[in-house]
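Below is one structure, written out as structure tokens, with a few remarks after it.
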Amino acid sequence: MSAAPAKRLPEPPVLDMDPFSDDNIRDPYRFHTALRETAPVVYIEKYAMYAVGRYDEVKTVMSDYHRFTSEGGIGMSDIRKPGAWRTPSPITEVDPPRHTAVRGALTKVLSPIVIRKWREHFSAEAEALADRVVARGEVDGVKELAEAFVLKVFPDVLGVDMPRENFIAIGDMNFNQIGPNNENLRHSLEKVEPILEQYQKGFQRESMLPGGFGEKIYAAEDAGDFAPGTAGLQVRSFLRAGVDTTIAGIGHTLNLLARNPDQWARCVADPSKVRGAFEEGIRLHSPSQVMFRTTTGEQELSGFMLAGDIKVGNFMGAANRDPRKFDDPDSFDIERDAAGVHLALGTGPHICIGQMIARLEAECILGALARRVERIEPTGEPEYRLVNTLRTLDRLPIRLVRRN
Ligand code: HEM
């Protein structure tokens, strides 16, 4: 008796929504619910891509590099094919074992011992900034707090000689490039055009300031830790990944604290609780909303068959509110203890290498506020910036009411 032919798994259902429409960028949560509740994996025709938004599938696709490679790029366009609108990164866009060696060399430069030494500098800057903003009372929590702080301390430790205002334009361009080639990307390319030369000079050896970790990356290349000629691209990865994300995370956390006074009261009573607040801020409004992988051939995923060589969008922002994983997922609970569980900083071999830095920045600035401010009161509606794959505030009007 011959065996019955194996039943072919179905293709993922089509989800007829555009994750990158202006409305869905400003408010992605209706799309996230549809993505999670339609199926474990869906097909989005407009971009000829698959998408996952449930916690388990996002974790699988981001970790299982044999089946879902980063080598086609972490953006929507395949960097190996003609017409790509992104240039490859030598850290984020290589799989193990090549990635393991590069990551090991970078981890030496950015070890926990190195980062701990920055605490004093971050803390002094945070205390001074907090004094200034609390004295003013009514401030824009994005421009005057999150941006002012991160744009001071991060370039200081990176040790890069580049005008600080350029960092925002570069970050927007990067996070637009991860998504589709649309109006948002065109606008940000136009903004970067006049500073392109300065930007490209910004990650060259001669722009590294003494004592920064940028300089150490070049020294590691000289010592043979990186392939010759790649140190500049490593520095560029930090310029592109380390600024906007942290600003966004601090901005979202401030916004949530302003709208949840009971949670802020806990931070005032014990300023170390700002750490839990930041984890909730980036879980609920994940700065990096989506990162891509490419199927390395036909792949089975949660009962569906995916075609080979197709992009898969991992919507970390959706996974971080998956009720299958988190109780009461939409609530802001600074005691939730979700660090290391939520996927805002990625997962698997490419998990964020700057996470300790981001956490240290957030702890210093939010802690400095908790020691001075009784209440954070919203004085207007927050505004979001239109960037394809970055969830970030552009404006957050708040009043800081001083502690007695
Ligand atoms: C709240 C702030 C941050 C968020 C939300 C964030 C998010 C992420 C995510 C989701 C990934 C994984 C990418 C993937 O798997 O394809 C990642 C990787 C990375 N992040 Fe962050 N990041 C933050 C802060 C930083 C900072 C401060 C730095 C710089 C020091 C940084 C540098 C990097 C680099 C270089 C990688 C690539 C690591 C690798 O491929 O092995 N990030 N980040």
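Whatever order the structure lists them in is the order used to number ligands and atoms, beginning at 1. Count residues from 1 along the sequence.
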- prompt: Is the CD atom of Glu300 crowded by more than 12 outside heavy atoms at less than 6.0 Å?
  reply: yes

statement: Among non-hydrogen protein atoms, atom 24 (C) of ligand 1 lies closest to Thr245 OG1, 3.5 Å

Heavy-atom nearest neighbour in the protein, as seen from atom 7 (C) of ligand 1, with distance rounded to 0.1 Å: Ala344 O, 3.6 Å

message: Heavy atoms only: which of Met62, His350, Arg293, Arg359 lies closest to atom 16 (O) of ligand 1?
response: Arg293

statement: Contact region, Leu345 to ligand 1, non-hydrogen atoms below 4.0 Å, reads both

- request: For Phe238, take its heavy atoms, then give the atoms of ligand 1 lying under 4.0 Å from any of them.
  value: 29 (C), 30 (C), 35 (C)

- request: Below 4.0 angstrom from a heavy atom of Met316, which ligand 1 atoms are there? Numbered from 1 as shown, please.
  value: 10 (C)

query: Does Tyr384 have Arg391 sitting over its ring (NZ/CZ under 6.0 Å from centre, angle to axis within 45°)?
result: yes

Per-atom contacts, ligand 1 versus Ile91 - under 4.0 Å to a heavy atom: 38 (C), 39 (C), 40 (O), 41 (O)

Contacting atoms of ligand 1, where contact means under 4.0 angstrom from a heavy atom of Thr92: 37 (C), 40 (O)

query: Does a salt bridge link Glu381 with Arg395, judged by any charged N lying under 4.0 Å from a carboxylate O?
result: no

statement: Heavy-atom proximity to atom 19 (C) of ligand 1 ranks first, among Pro287, Ala358, Cys352, for Cys352

message: What I want to check is whether the side chains of Arg336 and Ser331 have a donor and an acceptor closer together than 3.5 Å.
response: yes

task: State yes or no: are the ring centers of Phe213 and Trp118 separated by less than 6.0 Å?
output: yes

task: Decide if atom CG of Asp222 counts as having more than 12 heavy atoms of other residues, nucleotides or ligands within a radius under 6.0 Å.
output: yes

- prompt: If you count the atoms of ligand 1 from 1 in the order shown, which ones are under 4.0 Å from a heavy atom of Ile357?
  reply: 30 (C)

message: Does the Lys NZ or Arg CZ of Arg324 fall within the cation-pi geometry relative to Tyr55 - under 6.0 Å from the ring centre and within 45° of the axis?
response: no

